[in-house]
Amino acid sequence: MESQCLGLAGALGLTPEIKRISPRAPWKFLPPQLWPWPLLAPGPGGDRLTPPWPDLLIATGRQAVAPSIAIRRAAAGATVTVQIQNPRVSPARFDVVITPEHDGLAGPNVVTTLGSLHGVTAARLDEAAAAFADRYAALPRPLVAVLIGGANRQYRMPPACADRLGAMLAEAATASGAGLIITPSRRTSAKNMRRIAAHLKDVPTDIWDGDGDNPYCAMLGLADAIVVTGDSVNMMTE
């Protein structure tokens, strides 16, 4: 979610001050309209929300809704608030709401996007591709990037699904002579990655294991084709 906020700030040419909140009980269990003191909600692990209030506040996620509304009120209109994703409260509580079309939200201050906001740009891809070119130079072309997600509230990735994905990737790579560059996400289980990797032992493959610099943007920049699991709107949009 943070990447969506940073993507918008970057598109505006701004370097933001980042505030991360981790609401304590009872706030984290309640819908935002029931938070009695939103600016006191961040727990011990969260950043304090204190004046001076910013000119522009970009926020996202359910737990940021009540603090964003409270800051707009405390700033007496001097802070422009932009809420990314459906806030599940009236959009009129913010200056602008940016939400993907699949959320089905509409209003005079609602901007809808086909997917999610992000910070991937052509310049960023070119820079990353140059930095990681040597790592992938020995792999055959076409080069196929594979972005693997995992289970969430809408999707499941049981072992049988991981096996099927691994077998399909191996078959496609063998038939086309392709090299595979693969990255899991934070939601990809180690067990599923082992199952996928087992199917690819005879295929030219590079799997990022989390060590060292993240090659994610390089993979997007270098790939001739991209395979992405359908559980993440963020990954599909990027």
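Please read all numbers here as calculations on a predicted model, not as lab measurements.
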Least distance between heavy atoms, [X] atom then [Y] atom:
X    : Y    : result
V110 : A106 : CG2-C, 3.8 Å
G221 : A129 : C-CB, 4.3 Å
F132 : N214 : CZ-O, 3.8 Å
A223 : A145 : CB-CB, 3.7 Å
A59  : C5   : C-SG, 3.9 Å
A173 : V203 : CB-CG1, 3.5 Å

Reported [atom1]-to-[atom2] distance for the pair [X] and [Y], which is rounded to 0.5 angstrom:
X    : Y    : atom1 : atom2 : answer
D47  : E17  : CG    : CD    : 8.0 Å
R72  : L57  : CZ    : CG    : 11.0 Å
L220 : R124 : CG    : CZ    : 9.0 Å
L200 : D206 : CG    : CG    : 11.5 Å
W53  : T79  : CH2   : OG1   : 8.0 Å
I71  : R73  : CD1   : CZ    : 11.0 Å

Any side-chain heavy atom of [X] sitting closer than 4.5 Å to one from [Y]?
X    : Y    : result
V120 : L125 : yes
R187 : S232 : yes
Q83  : R93  : no

Within the 3.5 Å criterion, strictly below it, is a donor on [X] or [Y] matched to an acceptor on the partner's side chain?
X    : Y    : result
Q85  : T60  : yes
N234 : H118 : no
N86  : T99  : no

Kindly say whether [Y] contributes a backbone atom to a donor-acceptor pair with the side chain of [X] at under 3.5 angstrom?
X    : Y    : answer
N109 : P91  : yes
R195 : G166 : no
T237 : V233 : yes
T229 : I148 : no
S68  : V65  : no
D95  : V82  : no
N152 : D231 : yes
N192 : G150 : no
R88  : R62  : no
S22  : G46  : no

Quick check: is [Y] connected to [X] through a chain of hydrophobic side chains (ILVMFWY, heavy atoms under 4.5 Å apart)?
X    : Y    : answer
L39  : I21  : yes
V146 : M236 : no
I182 : I226 : no
I58  : V80  : yes
L169 : I207 : yes

Please check if the number of heavy atoms outside [X] that lie under 6.0 Å from its [atom1] is greater than 12.
X    : atom1 : result
E171 : CD    : no
R156 : CZ    : yes
I18  : CD1   : yes

Next on the checklist: side chain to side chain contact (heavy atoms under 4.5 Å, CB included), that's the test. Do L147 and Y216 meet it? Break it down for me.
Outcome noted: CA-CA 9 Å; L147 318 180; Y216 180 74; 3.9 Å; yes
I need the single residue from L117, V97, V111 that forms a side chain to side chain contact (heavy atoms under 4.5 Å, CB included) with I84. Which is it?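 Of the listed options, the one satisfying the test is L117.
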For a side chain to side chain contact (heavy atoms under 4.5 Å, CB included) check, start with the C-alpha distance between E2 and R20, then their side-chain angles and the critical distance, and finish with the verdict.
CA-CA 9 Å; E2 184 176 304; R20 301 183 181 97; 2.7 Å; yes
